[in-house]
Every structure is written in structure tokens, then in C-alpha cells.
Amino acid sequence: MHMSTLLSEPETQQLAALIEQSSNPQQVVDLVDKLMELSVVKGASDVHIEPFETEAVARFRIDGILHDAVTLPRPAHDRILARIKVLANLKIDEHRMPQDGRSSGRFGDRLVDFRVATLPQIFGEKIVLRVLPRDLKAGGLKDLGFSDQAVKPIEQHVRRPYGMILVCGPTGSGKSTTLYTLIQKLLDERGTSANVSTIEDPVEYAIPRVNQIQVGIGTGMSFEMALRGLLRQDADVIMVGEIRDRETAEAAIEASLTGRLLLSSLHTRDAVGALIRLLEIGIEPYLVSSSISLIVAQRLVRLICTGCVESYALDEPTYKDLVERYHLDRIIMAIEERVPQLAPIPSPPRLFRGKGCDACMYTGYRGRTAIFEVLEASDAFRVLAGKRATAAEFRDQAIGEGMITMLQEGFYKALSGQTTLEEVLKATLE
């Protein structure tokens with residue numbers, strides 16, 4: 001049995017003892033409880049339990065990176081699988097089809113939900129548990145990483161009684177967290193005077209005084225069906241977890257044009273990509289131009305560990321390469337104009353990184369933040385949408401109107417010591 005540096009020596013010994021006795025049903029119960037507890041203690045967002053030919057591996061995703069936690073004998077994996085299926089109310093004897101369920105547990109004074117998904121593979125069923133602590137309080141937009149310049153237009157558009165706000169980015173970029181934060185902002189401002197509903201697949205966090213609808217294959221209800229139903233429910237604010245097809249997009253636009261504020265997400269690389277995606281799936285330009293009021297695009301980057309942060313001078317060849325590829329010199333000038341109180345940035349600039357320590361498990365990183373770009377749909381954008389403009393034309397217009405791109409925002413956070421250059425380039429250029 002192999003253990004990783006993710007676990008302390010006492011944690012390693014506890015797991016080893018439970019695994020050794022995993023033929024005992026009670027020990028399997030304790031082993032699953034321990035894995036769940038450790039996922040909470042370590043701050044994992046997900047637990048992956050993966051079967052292979054002769055063994056299985058449990059891995060924790062922490063700050064977006066998977067870390068091996070423990071290697072398990074195959075018989076232990078099969079017993080763990082059965083136990084988790086029981087906890088999540090899944091069919092124990094179903095091994096050929098994917099299944100989804102939920103479980104919960106209390107660890108000390110913390111109540112945590114686990115979203116469970118199983119998937120058959122050639123050596124058995126893989127299990128993934130999404131870890132969802134109930135005590136996570138929704139912070140403000142600045143807590144997510146939004147700058148003052150980005151917060152102002154978002155708050156203005158959230159206060160509007162109608163229109164569409166889209167949050168864009170790939171899977172795992174924090175879109176759901178941003179949508180939940182916007183919903184909480186609405187509740188804080190409107191109190192019980194607004195009828196707020198969400199349509200999600202799946203529902204991750206329960207929000208008091210919000211009508212949450214779960215859709216998906218197991219429910220027999222699609223996003224579009226649920227949205228059509230909500231239009232007859234006197235909803236003031238609707239959050240659609242994701243726009244996946246033309247039918248859902250049309251229903252969402254209809255909702256936003258009939259006096260409702262609609263929030264949703266799209267899988268696009270940047271803010272301009274949302275406009276292009278809607279046009280590509282067949283939405284008429286006049287509907288796109290008249291419905292969308294704001295688009296937020298985002299990525300997650302790891303924060304440098306404050307316990308081992310150090311600065312270093314960027315070498316001249318790397319600096320020249322960044323200037324040629326990404327116009328870093330212009331970005332630095334824009335940052336100095338945007339933050340006049342900032343000390344002049346030398347050329348080449350000084351950047352930051354983590355040396356690695358016990359607190360960050362020698363990764364140099366601890367925690368994550370987001371980098372954003374916020375696009376307001378001006379009259380000029382509506383004209384461009386009507387002409388079916390190209391992505392380059394939309395982007396030039398946005399930058400001309402003052403949009404700070406994700407790359408610019410990322411470089412600012414790298415120069416101010418929040419994250420590393422490597423994290424910014426990885427997040428924005430993938």
C-alpha cells in the first residue's frame with residue numbers, strides 16, 4: 001500500500017489499519033468515513049477512486065490539481081464502491097451503467113454534502129465524489145477576485161429588473177460559484193420581495209428562499225422544459241445552470257425579453273465567444289443584441305503560498321519573448337495607468353513564486369482565485385451582432401471600450417504577487 005506526502009504520519013497509519021482490515025464490513029464503513037473526512041480536512045473539491053488491473057488509487061483534487069492519497073488493494077475498492085452506493089442510494093447490483101446520487105456526513109462541527117457519480121471502466125467502476133461543505137458562506141464579488149472596475153458594472157446589471165447576464169469559461173473555471181454569488185447578491189438586495197428560481201444539473205448548494213429545480217437524464221426534464229415551465233410561474237429572477245442548445249437559448253432569451261433577469265453560463269473561451277456561440281447555434285442576431293446585457297468570462301489560477309513566497313527578476317530573454325507574444329510592455333503600461341498608486345514597474349519586471357513548504361505540501365501554491373474579463377453590451381455591440389461580426393471585430397470593440405482582458409488581469413495579479421506567470425499563461429492560453 002502506497003501513501004503520498006498529502007497525508008500526515010498519523011493519517012497514514014489510520015488508513016493503513018483500516019485497509020488491512022477491510023474484509024470486515026464495519027472497517028469498510030470506517031474506511032469510507034475516513035476518506036470522506038480527509039477530503040474535508042485537506043480542502044479537496046473532489047475525490048477520485050479509480051480501479052486498475054491489480055490495485056486502485058484514491059486521489060484528492062486540491063486547488064485544481066489531483067494528488068494521490070492512497071493506493072488500495074482491488075478487493076478494498078469493490079467494498080468501498082458498495083458502501084458509497086449504499087450511502088448515495090444507488091443500485092448496488094448495477095455495474096454497466098453510470099449512476100449519480102448524493103450523500104452527506106458530519107465531520108466534527110461541519111456538515112458536508114457529497115455528490116456521487118459512478119462510471120464503468122474496463123477494470124471496474126470509477127467513483128467521483130464532489131465535496132460540498134454546507135458551511136461555505138457566499139462571499140462578495142471581490143472575494144472571488146473581481147477588481148473594483150469589474151464589480152461596478154456587474155452590480156449595476158444585477159440590479160436591473162430584466163436582461164441576460166452570462167458567465168463563460170471551461171469546465172472547472174468557477175462559473176457556478178460566480179452564479180451563486182450573483183444570486184446571493186440579489187437576495188441581499190431584494191430580500192423576500194423577489195421570486196428567484198434556479199434550474200441546475202445537478203443542484204450543488206441549497207439556497208434558502210430560492211426555488212431550485214434539478215434537471216437531467218434521471219429526472220426526465222431538460223433545461224428547456226423547466227425554463228418554459230418557470231415562465232408560467234411568475235419568476236422575477238431565473239438562473240439556468242448552463243445553456244447547452246438552441247432550444248434552451250431561445251427560452252432564456254424569451255425570459256429576459258419579457259421582464260425577467262436571467263443568469264446563465266456558456267462553455268466558451270472568452271466573453272466575445274459567448275456572442276459568437278449564440279449566433280452559431282442559430283439565434284437570430286436581433287435577439288442576441290436585444291437580450292444580452294453583460295458577459296463575464298473567467299478562469300481559476302492558484303494563489304502563491306504566503307508562507308514561502310519569494311520574488312525574482314524576470315530574465316531578459318523571457319521578457320522579450322513575452323513582449324513579442326503578448327505585448328507585456330503595453331500590459332504593464334495599462335496596469336500603471338489603472339493603478340496610479342502602484343510603484344513604477346521595472347523592466348524586466350520582478351515576479352513571484354512559492355519555494356514550497358509544509359503549509360502548501362511543497363507545491364508553492366495554496367488556494368485559488370479567479371481572473372475575469374467583463375463585457376458590457378453597448379449599442380455598438382448590438383450593431384455588430386446585427387451584422388454578424390467576427391470574433392476579432394467584437395474583441396476590438398470591447399477593448400476599445402475599455403474591457404480589461406483575462407490575460408491583462410492575470411498579468412496584474414502576477415505582478416502584484418498573488419499568482420505566478422506560469423499559472424496565468426496556463427489558464428488563459430489553454
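Bear in mind that the values here come from a model prediction, so they are computed numbers and not experimental data.
A salt bridge does not link R115 with D100: every distance from a Lys NZ or Arg NE/NH1/NH2 to an Asp or Glu carboxylate oxygen is 4.0 Å or more. In this structure, E94 does not pair ionically with K85, as no charged nitrogen and carboxylate oxygen lie closer than 4.0 Å. Taking the charged nitrogens against the carboxylate oxygens, D379 and R382 do have a contact shorter than 4.0 Å, which makes a salt bridge. For R134 and D113, the salt-bridge test passes: some basic side-chain N is under 4.0 Å from an acidic carboxylate O. Look at E324 and K320 and you find no salt bridge, because none of the NZ, NE, NH1 or NH2 atoms lies under 4.0 Å from a carboxylate O. Residues R228 and E224 are paired through a salt bridge, judged by an N-O separation under 4.0 Å between the basic side chain and the carboxylate. Between E11 and K42, at least one side-chain N (NZ, or NE/NH1/NH2) sits under 4.0 Å from a carboxylate O, which counts as a salt bridge. Ion pairing of D236 with R190 is absent here, as no side-chain N (NZ or NE/NH1/NH2) approaches a carboxylate O to less than 4.0 Å.
Contact between A297 and A271 at its shortest, heavy atoms only, is CB-N, 3.4 Å.
For F372, the ring pair (Phe, Tyr, Trp, His ring centres under 6.0 Å) criterion is met by F146, not counting sequence neighbours. Scanning for ring pair (Phe, Tyr, Trp, His ring centres under 6.0 Å) contacts around Y365 gives an empty result, with sequence neighbours left out. Evaluation of the salt bridge (Lys or Arg N to Asp or Glu O under 4.0 Å) rule for D46 yields R130 as partners, not counting sequence neighbours.
For the atom pair I295 CD1 and M403 CE, the distance stands at 9.5 Å (nearest 0.5 Å). In this structure, OG1 in T318 is found 6.5 Å from CG in L322, a value given to the nearest 0.5 Å. Annotation: the span from T306 atom OG1 to Q418 atom CD amounts to 12.0 Å, rounded to 0.5 Å. Rounding to the nearest 0.5 angstrom, the gap separating the CD atom in E242 from the OG atom in S265 is 5.0 Å. Note: C360 SG to R302 CZ = 10.0 Å, rounded to the nearest 0.5 Å. With rounding to the nearest 0.5 Å, the separation of CD1 in I154 from CG in L144 is 9.0 Å.
Looking only at distances, no side-chain donor or acceptor of E50 sits under 3.5 Å from a matching main-chain atom of A56.
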>> Could you go through K152 and D148, starting from their C-alpha distance and side-chain angles, then the distance that decides it, and tell me whether this counts as salt bridge (Lys or Arg N to Asp or Glu O under 4.0 Å)?
In response: CA-CA 6 Å; K152 185 176 179 180; D148 291 337; over 6 Å; no

>> I'd like to know whether E422 forms a salt bridge (Lys or Arg N to Asp or Glu O under 4.0 Å) with K426, so could you lay out the CA-CA distance, the side-chain angles of the two residues, the decisive distance to 0.1 Å, and finally the verdict.
In response: CA-CA 6 Å; E422 292 76 15; K426 176 183 172 184; over 6 Å; no

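Because its NZ or CZ atom is both nearer than 6.0 Å to the ring centre of Y162 and within 45° of the ring axis, R160 counts as a cation-pi partner of that residue.
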